[in-house]
S.K.: 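Take a look at the following structure, please.
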Amino acid sequence: MSRFMKWLMPVALLALLLGACTGGQQKPAESSKPFRVAVVMPSSISDLAFSQSMYDALVGIQQEMGGPEKFEFVYSENMFKVDDAAAAIRDYASQGYDLVIAHGSQYGTSLREIAPNFPNTAFAHGTTNRTFVDEGVKNVYAYEAASNEGGYVNGVMAAKLTKSKIVGIVGPIDVGDAKLYIEGFEKGVRETDPSIQILKVFTGSFGDVALAREAADAHIAAGADVLIGTGQMVVGAIAAVDEQGGKVLWIGTQANQTKLAPKVIVANQVYDWKVVLRDIIAKIKKGQLGGEALLITLKNGGLRMEFNENFSRLGEAKPAAEAAIQGIINGTINAVP
Amino acid sequence: MDTSQLLSATVLVGILTAGIRLASPYLFAAIGEMFGQRSGVLNLGVEGQMLMGAFTAFYVTLRTGNPWLGLLAAMAVGALMGLAMAVVSVTWRAVQGISGIGFYIVGMGLSELLFKTLLGEVKVINTGFNAVNIPLLSQIPVLGEIFFRQNVMTYLAFTLVPVAWFVLYKTPLGLKIRAVGENPHAADTLGVNVAHIRYLTVTMGGVFSAMAGAALSVANLNVFQENMTAGMGFIAVALVYFGGWRPFGVLFGALLFSMVMALQIFMQVYRVPVPSEFLIMMPYVLTMIVLVLTVGRVRAPAALTKPFVRE
């Protein structure tokens with residue numbers, strides 16, 4: 001069903017409750033037009049994961065560029081149906097946004113069809129390295145995260161912290177960003193301590209919180225005492241870890257998840273898309289509308305490790321993690337799975 | 001961990017315990033839906049009612065620290081949503097398939113909106129329903145571990161099955177519900193108020209769906225996330241067909257699906273050498289196979305989806 005329908009009812013109810021419309025906002029008169037960005041995201045901007053990482057970056061860029069007068073952005077969230085997302089992408093493009101971001105590799109096929117119809121609009125999508133420039137499409141940027149790098153660092157920490165020598169992974173589907181992150185993690189664990197057993201469950205869904213919880217419980221029952229996972233459904237797994245009261249630990253990715261369970265979260269790999277957004281915006285202003293794939297890494301600052309400084313056993317893991325980060329940045333450690 | 005350990009006693013207990021826990025939201029939602037369908041009303045809005053129940057229970061529990069208050073509030077919200085569905089499908093005689101989908105969308109959108117405005121971010125609570133060891137029974141080896149160390153919502157869900165059976169087959173009310181679903185004109189002639197019965201079953205269906213949501217957000221998970229039911233409400237509707245519109249049939253379906261779901265998770269943990277994609281499919285494939293094998297065994301209520309018009 002369409003996005004429109006889904007929002008119509010609550011919006012209509014709200015409108016009734018408010019009783020009156022607030023009146024159209026007058027745009028301030030200004031000399032320079034703001035840079036306008038529209039983004040379509042598969043989950044919620046508060047998912048503590050993939051979509052939130054992009055939302056936070058846009059908010060950051062807006063502050064950097066001097067507020068809404070200089071940088072305007074709109075978003076459509078929870079577009080888990082690709083058809084709905086495609087309609088939104090086309091709609092934003094026809095409204096004349098400077099940059100339309102399709103935040104999800106699943107939107108690539110739609111973007112491939114839509115972008116050539118709007119040759120004066122720049123598009124970006126990720127996480128992927130496909131710009132379609134080889135197919136003659138010149139106005140699509142691609143971006144991705146070297147999530148294996150933070151995965152590797154998390155693997156090093158997990159290996160240092162596990163007492164049972166068993167660690168567990170809760171993944172959604174074995175593809176894309178999740179696959180890259182998980183394989184980086186496995187490499188980090190193995191290269192730190194090859195005797196550690198790595199358990200792995202894919203739930204088949206980015207949204208099924210209940211299954212993520214059961215996967216975490218199954219790992220814990222099998223003896224795992226450090227868990228990681230990726231996808232917005234991992235909040236279920238984090239709740240299961242939290243219930244163990246400190247016996248089991250969690251290391252996060254994509255956004256800082258620490259406030260969900262401050263006693264058991266060690267650290268998080270945080271995606272900072274500002275690095276690629278700055279690049280893309282600068283290039284668009286120079287007239288380049290696409291054709292380039294960009295990457296966030298530990299080295300360019302797009303990936304960042306945020307430690308939970310209040311976690312009691314952080315000292316056992318942080319020095320090794322920092323050494324791994326340095327090694328990846330200066331090239332002495334190869335985190336590519 | 002290797003595959004041989006999958007058959008050890010502790011792992012089997014783990015699988016069965018997880019399967020029972022996973023089944024409880026399905027039981028609430030499917031038993032509620034079964035009563036509605038038995039009286040002739042198909043409610044496809046279960047998913048939306050579950051989401052509203054999950055959010056309400058979570059929010060009230062977070063604010064008050066009392067999961068019972070959360071559960072009660074969820075039940076009240078479920079009753080309102082069920083009542084609204086009854087107005088649309090019984091009084092206004094709307095096409096049930098379509099209006100149910102409408103209520104699904106309302107429930108999903110409204111729970112997202114409330115989540116955003118009242119909470120704004122995902123939180124984990126520790127004041128939900130914890131596992132309760134039933135005295136004596138929980139000490140029984142194996143069985144005690146599997147059945148009697150669950151949370152309150154799980155006990156309630158499994159108690160609901162025999163109660164539903166008793167109400168449906170052994171009480172005058174159950175007879176009226178079945179009569180209204182099979183032949184509303186005959187029931188009407190005999191003085192049964194068709195609209196009242198359908199209002200009752202559809203409203204109760206809303207209450208049970210909301211309890212299913214609460215079983216997720218304040219018992220099994222202690223978390224609320226937008227769209228967290230991830231299609232469970234639709235599976236619950238399918239389980240009513242699967243169970244042949246009978247409480248114990250629904251129980252069998254819910255247990256089969258949940259047990260296989262738990263089994264496939266443990267198969268991944270214990271590295272059964274099969275790609276995860278196949279294991280993830282297992283519960284759905286097996287349920288379909290059983291459905292095909294048993295097709296034609298039972299008949300749907302004759303008046304299902306047909307609005308009642310007195311001639």
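Since we're looking at a predicted model, the values are computed, not measured. Per chain, numbering begins at 1; letters A, B, ... match sequence-line order.
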S.K.: Decide yes or no for K116(B) and E77(A): does some side-chain heavy atom of the first lie under 4.5 Å from some side-chain heavy atom of the second?
M.R.: yes

S.K.: Quick check on N220(B) against chain A: is it the side chain, the backbone, both or neither that has a heavy atom closer than 4.5 Å?
M.R.: backbone

S.K.: So S44(A) and Q225(B), do their side chains get closer than 4.5 Å, heavy atoms only?
M.R.: no

S.K.: Report the option among Q232(A), E243(A), M233(A) that has the most heavy-atom pairs separated by less than 4.5 Å from atoms of chain B.
M.R.: Q232(A)

S.K.: Please state whether the side chain, the backbone, both or neither of L211(A) comes within less than 4.5 Å of a heavy atom of chain B.
M.R.: both

S.K.: I'd like to know which of I198(A), L48(A), I238(A) tops the heavy-atom pair count under 4.5 Å against chain B.
M.R.: I198(A)

S.K.: Does any heavy atom of chain B fall under 4.5 Å from the side chain of T203(A), the backbone, both, or neither of them?
M.R.: backbone

S.K.: With only heavy atoms counted, which part of D208(A) is less than 4.5 Å from chain B, the side chain, the backbone, both or neither?
M.R.: both

S.K.: Would you say V209(A) and F224(B) make side-chain contact, with heavy atoms under 4.5 Å?
M.R.: no

S.K.: Taking heavy atoms only and a threshold strictly under 4.5 Å, list by residue number the residues of residues 43-55 of chain B that touch chain A; give 'none' if the list is empty.
M.R.: none

S.K.: Give me the atom names and distance for the closest heavy-atom approach of I280(B) to F202(A).
M.R.: CD1-O, 3.4 Å

S.K.: Decide if atom CG of L118(B) counts as having more than 12 heavy atoms of other residues, nucleotides or ligands within a radius under 6.0 Å.
M.R.: yes

S.K.: Does any backbone or side-chain atom of V122(B) lie under 4.5 Å from a heavy atom of chain A? Answer side chain, backbone, both or neither.
M.R.: both

S.K.: Just how far is it from atom CG of N78(A) to atom CD of E226(B), taken to the nearest 0.5 Å?
M.R.: 5.0 Å

S.K.: Tell me, side chain or backbone of L221(B) under 4.5 Å from chain A's heavy atoms, or both, or neither?
M.R.: both

S.K.: What option among S205(A), A212(A), A218(A) has the most heavy-atom pairs under 4.5 Å with chain B?
M.R.: A218(A)

S.K.: Within the 4.5 Å heavy-atom criterion, are V235(A) and M228(B) side-chain neighbours or not?
M.R.: no

S.K.: Apply side chain to side chain contact (heavy atoms under 4.5 Å, CB included) to the pair Y270(B) and L199(A), showing each step before the final yes or no.
M.R.: CA-CA 8 Å; Y270(B) 289 90; L199(A) 312 179; over 6 Å; no

S.K.: Counting heavy-atom pairs closer than 4.5 Å to chain B, which one of A210(A), G236(A), A221(A) comes out on top?
M.R.: A210(A)

S.K.: For chain A, which residues from residues 14-23 of chain B have at least one heavy atom closer than 4.5 Å to it?
M.R.: A18(B), R21(B), L22(B)

S.K.: I need the contact set between residues 261-268 of chain B and chain A: heavy-atom distance under 4.5 Å, sorted by residue number.
M.R.: M261(B), I265(B), F266(B), Q268(B)

S.K.: Can you give me the closest heavy-atom contact between S46(A) and G120(B), atom names plus distance?
M.R.: CB-O, 3.3 Å

S.K.: Which residues, numbered in order, of residues 245-272 of chain A come under 4.5 angstrom of chain B by heavy-atom distance?
M.R.: K259(A), L260(A)

